[in-house]
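These numbers come from a predicted model, not from an experiment. The figures here come from the full heavy-atom set of this structure, side chains too, leaving out hydrogens, waters and symmetry mates. Numbers here simply count residues along the sequence, with the first being 1.
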Amino acid sequence: MQKIMVISDTHDDRDAIRGVMRYLKSFKVDRVIHLGDYYDDADILEQAGYPLTRVPGTWDTAYYPDPEVCNRTFIEIAGWRIFLTHTPESHYNDLADDIKPETIIGSGKADIFLFGHTHITEIRRRNGTVCINPGHMSSDESRGCPLTFALLEIDPEQMTVSIFQLPGPHPRIRKSYRKSDLK
């Protein structure tokens with residue numbers, strides 16, 4: 001089983017990122033996914049030795065307009081196709097070649113659709129795709145929502161997603177999905 005931590009919208013909150021580091025160690029996470037705003041915040045996780053996949057957010061003005069940096073991408077973990085994006089829909093700052101998020105849900109291209117941007121935690125199934133927003137990790141940009149992240153536990157047959165609120169030790173939300181049920 002692979003354990004993946006998903007964070008988003010860190011907005012340069014170093015205290016929150018340090019708080020996440022404690023969870024990485026206790027959960028024995030295999031990989032970290034950062035969904036943007038701010039792209040460089042994830043450097044500390046990579047420097048600590050955690051395999052990292054990231055996409056920039058719309059506030060990442062040095063990266064989002066750079067055609068050398070993928071604003072949206074697909075990865076595969078344990079046979080699950082996962083789409084990574086900061087925004088859940090197209091954005092006016094998108095580059096011409098960016099994948100349109102609206103075309104992914106229900107298309108069969110992704111089993112899991114990971115996004116941030118809104119700062120609001122979400123886990124739901126839409127048209128055969130599990131859509132997950134881990135919330136945000138920024139005290140200054142809270143928009144009235146607590147600091148949260150997602151932990152995905154994935155094997156070829158099943159995925160369990162848990163949402164944790166800093167600094168609590170137990171998940172606020174926990175849902176499981178069988179891959180065969182998504183078809």
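Val55 and Leu52 are not part of a single hydrophobic cluster, where members link through side-chain heavy atoms under 4.5 Å apart. Grouping the Ile, Leu, Val, Met, Phe, Trp and Tyr side chains by contacts below 4.5 angstrom, directly or via other members, places Leu114 apart from Ile105. Note on Val32 and Met137: same hydrophobic cluster, where clusters join Ile, Leu, Val, Met, Phe, Trp and Tyr whose side-chain heavy atoms are under 4.5 Å apart, directly or indirectly. Leu84 and Trp80 fall within a single hydrophobic cluster, where Ile, Leu, Val, Met, Phe, Trp and Tyr side chains are chained together by heavy-atom contacts under 4.5 Å. In the hydrophobic clustering of ILVMFWY residues, with side-chain heavy atoms under 4.5 Å counting as a link, Phe115 and Ile77 come out apart.
Here Asp30 does not pair with Lys3 in a salt bridge; the nearest charged N to carboxylate O distance is not below 4.0 Å. Using a cut-off of 4.0 Å between Lys/Arg side-chain N and Asp/Glu carboxylate O, Arg54 and Asp41 are scored as not salt-bridged. We find that Asp94 and Lys100 are not joined by a salt bridge, their nearest charged nitrogen and carboxylate oxygen being 4.0 Å or further apart. Comment: Lys179 does not engage Asp181 in a salt bridge, judged by the lack of any side-chain N to carboxylate O separation of less than 4.0 angstrom.
With rounding to the nearest 0.5 Å, the separation of OG1 in Thr85 from CZ in Phe113 is 5.5 Å. Once rounded to the nearest 0.5 Å, the distance linking CD1 of Ile82 with CZ of Phe74 reads 11.0 Å. Between Cys131 atom SG and Ile104 atom CD1 the span is 11.0 Å, to the nearest 0.5 Å. Distance OH/Tyr23 to CE/Met5: 8.5 Å, rounded to 0.5 Å. Atoms CD1 and CD1, from Ile7 and Ile17 in turn, are 6.0 Å apart once rounded to the nearest 0.5 Å. Note that OG of Ser8 and NE2 of His119 are 7.0 Å apart. Values are rounded to the nearest 0.5 Å.
Counting heavy atoms of neighbouring residues, nucleotides and ligands inside a 6.0 Å radius, atom CZ of Arg22 does not exceed 12 of them.
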Phe27 vs Phe164, test: ring-ring contact (aromatic ring centres under 6.0 Å, His included). Steps then yes/no. CA-CA 12 Å; Phe27 292 145; Phe164 288 84; 5.0 Å; yes
side-chain contact (heavy atoms from CB on, under 4.5 Å) for His136 and Leu147? Distances and angles first, verdict last. CA-CA 6 Å; His136 73 96; Leu147 277 63; 3.8 Å; yes
side-chain contact (heavy atoms from CB on, under 4.5 Å) assessment of Glu157 paired with Arg178: CA-CA 6 Å; Glu157 303 298 321; Arg178 296 196 59 74; 4.1 Å; yes
For Thr148 and Ile173: C-alpha separation, side-chain torsions, deciding distance, then whether side-chain contact (heavy atoms from CB on, under 4.5 Å) applies. CA-CA 11 Å; Thr148 56; Ile173 304 168; over 6 Å; no
Could you check Arg31 against Thr53 for side-chain contact (heavy atoms from CB on, under 4.5 Å), going step by step and ending with a plain yes or no? CA-CA 8 Å; Arg31 177 192 303 241; Thr53 306; 2.8 Å; yes
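Closest approach of Ile120 and Cys145 over heavy atoms only: CG1-SG, 3.9 Å. When all heavy atoms are compared, the tightest approach of Leu35 to His86 is O-ND1, 2.7 Å. Listed here is the closest heavy atom pair of Asp111 and Leu182: O-CD1, 4.0 Å. Of all heavy-atom pairs between Tyr64 and His91, the closest is OH-CB, 4.2 Å. Closest approach of Pro134 to Val6, counting heavy atoms only: CB-O, 3.3 Å. When all heavy atoms are compared, the tightest approach of Thr10 to Ser138 is O-CB, 3.6 Å.
Considering only heavy atoms from C-beta on, Tyr50 comes within 4.5 Å of Leu24 through its side chain.
Between the side chain of Arg72 and the main chain of Ile99, a donor-acceptor pair closer than 3.5 Å is present. Without hydrogens or angle criteria, Asp37 side chain to His11 main chain gives no donor-acceptor distance under 3.5 Å. Not one N or O on the side chain of Glu46 forms a donor-acceptor pair closer than 3.5 Å with the backbone of Pro51. In this structure, the side chain of Asp60 engages the main chain of Tyr39 through a donor-acceptor pair within 3.5 Å.
The side-chain contact (heavy atoms from CB on, under 4.5 Å) test with Leu151 singles out one residue from Val29, Thr160, Ile4, and that residue is Val29.
With sequence neighbours excluded, the residues that form a side chain to side chain contact (heavy atoms under 4.5 Å, CB included) with Val161 are Ile123, Ile132, Ala150, Leu152, Met159, Lys175, Tyr177.
For Thr121 and Asn133, the side-chain atoms include no donor-acceptor pair closer than 3.5 Å.
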